[in-house]
Amino acid sequence: MNTEKLRSFLKNRLPPEINRLILAAAELAASQEASLYLVGGLVRDCLLDKTPKDADLVITANAIRFGQDLLQGTSYKTTLHHRFGNLSADINGFKLDITTARSEVYPAPGKLPEVGAGDIKADLFRRDFKINAMAISLSQQNSGCLVDPYDGLTDLKQGKLSVLHPKSFQDDPSRIWRALRYSERLGFDISAETLALLKRDMQLIPLIGADRLRYEIECVLEEAKPENIFLKAEETGVLRYSLPGVKADGWLVGKFAEARKIYGTCIPRVIYYCLLSARLNKLQAENLVTGLNPGKYITGCLGDYRYLAENLPELEKTGLRPSHLYKILVKCRKEARQSFYIASDNPLVRQNISLFEEELSNIKPHLKGADLIALGFTPGPAIQTILRELLFLKLDGQLTSRADEIDYVKRRQADDQS
Ligand code: CTP
């Protein structure tokens with residue numbers, strides 16, 4: 001790749017601040033007589049002329065010190081990983097990673113690697129796929145030069161995804177999900193050898209633990225059509241070893257697509273989580289939470305989803321008292337209700353949830369706590385109880401005006417005093 005082409009890629013495909021930092025990094029590396037490279041996804045995307053999601057640099061020097069020099073005087077949030085000789089910076093939402101060129105040895109399947117010194121060739125060898133194991137030099141003497149010791153370019157041209165060596169998935173079983181994800185995103189075929197290795201090693205996926213598996217699954221959920229990746233996971237058997245009980249089929253494809261119609265591309269990932277859990281039984285749903293450890297909010301939504309599933313016989317009824325419907329649905333987070341709506345194939349359930357969202361949830365009594373106090377009620381928990389009674393009566397159409405509500409509370413006050 002010539003320097004001109006590289007410069008125009010960096011300018012057109014990266015946020016201006018990242019482009020500026022990469023050019024500054026090249027100058028800084030030259031002044032320190034270190035070799036600096038673009039690596040990984042950025043190189044792949046550069047060769048495919050696609051917009052990268054983040055920027056990875058490798059330097060043959062102490063990357064943490066280098067990154068700190070580069071970012072001196074800026075206020076970007078940085079994270080240091082001393083074990084991996086890595087500095088990660090958040091540049092207005094875009095991730096810039098600078099790493100010391102290194103080699104890696106995996107002590108056991110699923111364990112994090114042990115890091116040793118290495119040159120760019122060794123650094124590229126520790127990577128997942130040939131298409132991600134290329135570098136572009138940013139050094140002044142050979143800027144733009146492609147470093148491709150494992151022939152990633154051929155795979156890229158052939159639309160093929162292959163690992164660098166047969167132990168790749170054993171070293172890091174999370175790469176199995178990465179294979180499915182890149183295959184879908186780039187429209188690449190997983191090579192026959194790599195597919196055979198993937199199937200041989202997929203049983204190791206549970207070894208990576210909940211947090212790393214969740215990271216991979218959430219990367220999948222960020223893709224344009226995650227359902228296609230889950231279909232590949234189903235077809236290969238990967239899903240079974242990752243999310244036991246979850247099924248990827250026509251139903252899931254339809255529901256994911258429907259969810260995106262409602263939410264657009266900014267769909268909250270919790271909706272996908274709920275749809276993945278929709279057809280699980282109680283135990284499987286609990287195992288999904290333990291298996292992914294998805295944090296408090298998503299865990300809460302998944303719990304709400306189960307609660308709705310348990311209340312399905314009620315939600316399927318016609319002519320439910322509005323206050324009764326309200327009591328069932330108000331306890332859940334909105335995303336759980338919304339996912340339940342999407343997952344349901346029963347028009348009555350959908351009608352009931354829509355009634356809640358569009359009408360019932362907006363109804364409030366005319367009277368507020370202050371009005372009740374002005375009417376002589378003592379401040380305290382009783383006020384809350386009366387406001388709820390007013391709400392339920394209003395929902396059921398038994399109180400319509402402010403005057404009705406005042407009448408009701410006065411009668412209630414009189415009853416309490418007698
Ligand atoms: N990598 C790897 N094995 C992993 C994770 C990452 O070998 N389990 C390497 C790959 O070379 C990858 C690079 O680290 O290209 C950066 O990782 P990441 O940012 O996750 O991937 P990208 O290739 O940048 O892809 P994306 O576009 O999804 O960000």
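Counting starts at 1 for both ligands and their atoms, following the listed order.
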Which residue supplies the protein heavy atom nearest to [atom], what is that atom called, and how far is it?
atom                    : result
atom 29 (O) of ligand 1 : D54 OD2, 3.4 Å
atom 20 (O) of ligand 1 : R178 NH1, 3.0 Å
atom 28 (O) of ligand 1 : R185 NH2, 2.7 Å
atom 25 (O) of ligand 1 : Y182 OH, 3.0 Å
atom 10 (C) of ligand 1 : D128 OD1, 3.3 Å

Side chains of [X] and [Y] only: does a donor on one sit below 3.5 Å from an acceptor on the other?
X    : Y    : answer
Y182 : R178 : yes
E357 : Y341 : no
E359 : Y326 : no

Quiz item: Going by the order shown, which atoms of ligand 1 are within less than 4.0 Å of some heavy atom of G40?
Solution: 15 (O)

Quiz item: Counting each atom of ligand 1 from 1 as listed, which ones have a heavy atom of S174 under 4.0 Å away?
Solution: 8 (N)

Quiz item: Of R175, R127, R181, which has the heavy atom at the shortest distance from atom 11 (O) of ligand 1?
Solution: R127

Are [X] and [Y] ion-paired here, with the side-chain N under 4.0 Å from a carboxylate O?
X    : Y    : value
R13  : D49  : yes
E184 : K225 : no
R181 : E216 : yes

Quiz prompt | Pi-cation contact, Y297 with R333 (under 6.0 Å, within 45°) | solution = yes

Check each heavy atom of [X] against ligand 1 and say whether those closer than 4.0 Å belong to the side chain, the backbone, both or neither.
X    : answer
D172 : side chain
K95  : neither
K130 : neither
D56  : side chain

